[in-house]
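Just below is one structure, and these are the notes that go with it.
Counting from 1, the numbers follow the sequence of the chain as shown. What you see is a predicted model, and the numbers here were worked out from it, not measured in a lab.
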Amino acid sequence: MSGPSTASDAPISDRRQLVEVLASGAKPRGDWRIGTEHEKFGFRLDDLRPPAFDGARGIEALLKGLTRFGWAPYEENGRVIALTREGASVTLEPAGQLELSGAPLETLHQTCKEVGSHLREVRAVADALQLGFLGMGFQPKWARADMPWMPKGRYQIMKAYMPKVGHLGLDMMTRTCTVQVNLDYASEADMVKKFRVSLALQPIATALFADSPFTEGRPNGYQSYRSHIWTDTDPDRTGMLDFVFEDGFGYERYVDYLLDVPMYFVHRDGHYHDASGKSFRDFLQGRLDVLPGALPSLRDWNDHMTTAFPEVRLKKYLEMRGADSGPWNRICALPAFWVGLLYDDAALDAAWDLVRDFTLEERHALRDGVPRHALDLPFRHGRVRDLARAALTIAHEGLRRRARADACGTDETGFLAPLLEIAESGQTPAQRKLELFHGPWQGRVDPVFREFAY
């Protein structure tokens with residue numbers, strides 16, 4: 001579910017080929033996998049500043065150091081910008097946020113082992129460079145101007161385009177971190193049901209994982225400021241995708257949506273051509289003015305699919321995109337939540353029963369209200385906390401019925417423990433940090449880099 005693209009470079013001109021890409025993702029249940037991704041902020045131990053790409057203590061030095069663990073370097077213009085190993089990859093977000101895109105794995109036990117191994121490897125290299133890493137949804141201390149930029153061609157195009165379509169896109173690029181999980185579907189109908197359930201419940205995940213209450217050292221009034229940022233990034237490629245809940249939704253309708261998402265770039269011969277704001281429909285007709293007469297390949301289509309950022313994204317699998325990053329145990333808890341809900345038929349039915357009568361207005365009220373209020377947001381006759389507890393009960397039962405045990409005979413339900421604690425206490429990670437800020441931290445955010453680092 002991650003790593004370098006293996007898509008064909010043969011030209012395409014027929015919309016049906018684009019639909020077939022999504023259809024080709026359908027897999028029998030025995031082939032369903034779990035692909036977990038998480039991002040984290042690097043910081044220098046001496047001054048807490050984010051590390052630059054260059055230099056003896058820079059991000060490139062960290063990537064090169066990780067090659068001793070068997071990671072293969074991937075270069076752009078002679079610089080190491082990513083690593084690959086056995087179906088997994090380590091990549092860089094625009095300001096150097098380090099991302100692990102995990103291999104497609106069968107169980108949550110394997111997922112959590114992968115995360116733990118990765119964090120140990122990073123720690124081994126980072127210690128020598130006097131670097132640390134922190135999992136939160138938003139950079140708690142440094143301003144946008146303080147953040148470095150990584151030398152990746154696509155990011156320079158996005159950096160120039162973002163201010164044209166929203167106010168917070170550059171913050172999204174440089175100051176946010178997320179954890180997400182990629183999950184499979186058996187058929188078009190199965191995809192549709194899972195898409196609808198996960199879109200409706202995405203705000204619940206946002207509330208449970210809310211962990212971005214600080215901006216430039218002060219409380220920002222939000223519990224998930226990262227989630228709020230997406231509401232003012234680019235309306236053409238973000239949001240709740242109301243059409244997913246309409247009759248007749250399927251692969252074709254999602255392709256039409258993607259064709260209406262403005263392009264960012266075309267990658268040819270190692271060079272990124274700026275196509276920002278242009279139409280992929282024109283590209284299919286050979287009418288893209290930056291590459292006259294050129295037709296797109298499936299590699300171009302795969303690139304384009306990664307430039308849509310809705311709350312749930314469809315590629316050859318479904319990506320859950322609503323959660324702030326966090327500590328090791330919540331990185332494991334995010335896939336547990338969604339696997340429990342979506343990979344067991346009875347759980348999926350129960351989750352659909354929970355959300356099927358949500359109105360469009362209610363879905364948007366959840367999406368818009370959760371960044372500030374999280375579990376305390378009123379909903380119908382209760383609060384989001386009540387929805388979270390109901391969803392977690394369903395997920396727990398789904399994992400119990402999955403009955404995937406480790407070598408000790410322990411099933412996967414234990415990975416939900418951090419979320420059950422949050423739901424039962426009613427205190428989000430953001431609220432916990434605010435409590436520390438106003439108490440023991442004495443109005444300073446610097447302690448977060450010590451107390452919550454990996």
Side-chain angles (χ1 to χ4, degrees), residues 1-3 33-43 50 59 62-63 66 69 71 82-105 107-123 125-126 131-140 150 172-183 202 205-206 208-212 224 226-227 229-230 306 309 311-313 317-339 415-416 418-419 422 429-430 448-449 452-454:
M1 294 184 183
S2 59
R33 296 294 182 265
I34 305 163
T36 305
E37 306 179 20
H38 80 272
E39 303 160 358
K40 48 203 167 291
F41 296 107
F43 61 94
I59 292 293
L62 178 83
L63 292 177
L66 286 170
F69 296 106
W71 292 93
L83 307 168
T84 59
R85 185 182 71 188
E86 298 175 356
S89 63
V90 175
T91 56
L92 302 177
E93 292 299 293
Q97 305 99 307
L98 196 70
E99 177 174 6
L100 172 69
S101 294
L105 301 172
T107 72
L108 294 166
H109 306 293
Q110 294 169 338
T111 291
C112 217
K113 182 179 179 181
E114 175 189 58
V115 171
S117 175
H118 167 74
L119 292 176
R120 285 192 297 273
E121 291 174 1
V122 170
R123 180 72 178 266
V125 178
L131 299 177
F133 282 88
L134 172 70
M136 284 184 70
F138 190 75
Q139 212 326 321
M150 301 297 104
M172 179 277 290
M173 294 180 70
T174 60
R175 294 201 283 174
T176 65
C177 282
T178 186
V179 55
Q180 62 187 59
V181 62
N182 307 324
L183 298 176
Q202 209 62 218
T206 300
L208 286 165
F209 284 79
D211 196 358
S212 40
S224 178
R226 181 205 62 84
S227 182
I229 280 171
W230 281 109
T306 70
F309 307 122
E311 293 295 293
V312 177
R313 179 163 66 185
Y317 41 83
L318 286 164
E319 297 181 356
M320 310 300 137
R321 298 175 47 82
D324 287 1
S325 191
W328 170 82
N329 63 352
R330 286 210 308 276
I331 296 172
C332 303
L334 191 277
F337 180 70
W338 290 114
V339 167
F415 294 114
L416 288 175
L419 304 184
I422 290 166
V448 78
F449 292 93
F452 289 90
Y454 292 113

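- Between atom OH of residue Tyr454 and atom CZ of residue Phe41 there is a gap of 10.0 Å, rounded to the nearest 0.5 Å.
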Step-by-step side chain to side chain contact (heavy atoms under 4.5 Å, CB included) determination, Met136 to Phe452: CA-CA 9 Å; Met136 284 184 70; Phe452 289 90; 5.9 Å; no
Where do Leu416 and Phe337 land on the side chain to side chain contact (heavy atoms under 4.5 Å, CB included) test, with the steps shown first? CA-CA 7 Å; Leu416 288 175; Phe337 180 70; 4.3 Å; yes
Could you go through residues 323-335 and list every donor-acceptor pair under 3.5 Å that involves a side-chain atom there, pairing it with any protein atom two or more places apart or in another chain?
unit_1	atom_1	unit_2	atom_2	d
Asp324	OD1	Ser224	OG	2.9
Asp324	OD1	Arg226	NE	2.6
Asp324	OD2	Asp211	N	2.7
Asp324	OD2	Ser212	N	3.3
Asp324	OD2	Ser212	OG	2.8
Asp324	OD2	Ser224	OG	3.3
Ser325	OG	Glu39	O	2.7
Arg330	NH2	Asp211	OD2	2.7

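- A distance of 10.5 Å separates CE in Met150 from OG1 in Thr174, rounded to the nearest 0.5 Å.
- Among residue pairs with one or both ends in residues 91-100, none qualify as salt bridge (charged side-chain N to carboxylate O under 4.0 Å, His left out); sequence neighbours excluded.
- Side chain of Gln202 to backbone of Gly322: a donor-acceptor contact under 3.5 angstrom is found.
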Apply the test side chain to side chain contact (heavy atoms under 4.5 Å, CB included) to residues Phe69 and Val125: give CA-CA distance (whole Å), side-chain angles for both, the deciding distance (0.1 Å), then the verdict. CA-CA 10 Å; Phe69 296 106; Val125 178; 3.9 Å; yes
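- Between His38 and His118, the angle of the ring planes goes over 60°, which puts this pair in the perpendicular group of the 30/60° scheme.
- Atom CD in Glu86 sits 8.5 Å away from atom CH2 in Trp71 (nearest 0.5 Å).
- Of the possible polar contacts, one joining the Gln97 side chain to the Met173 backbone as a donor-acceptor pair under 3.5 Å is found.
- Expressed to the nearest 0.5 Å, how far CZ of Phe415 lies from OG1 of Thr111 amounts to 8.0 Å.
- Residues Phe133 and Phe43 come closest through the heavy atom pair N-CE2, 3.4 Å.
- Summarising the geometry, atom OG1 belonging to Thr206 is positioned 12.0 Å from atom CE belonging to Met320; distances are rounded to the nearest 0.5 Å.
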Could you walk me through whether Leu119 and Lys40 pass the side chain to side chain contact (heavy atoms under 4.5 Å, CB included) test, one step at a time? CA-CA 10 Å; Leu119 292 176; Lys40 48 203 167 291; 4.0 Å; yes
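- To the nearest 0.5 angstrom, Leu83 atom CG is 5.0 Å from Leu63 atom CG.
- At least one donor-acceptor pair under 3.5 Å links the side chain of Arg313 to the backbone N or O of Thr306.
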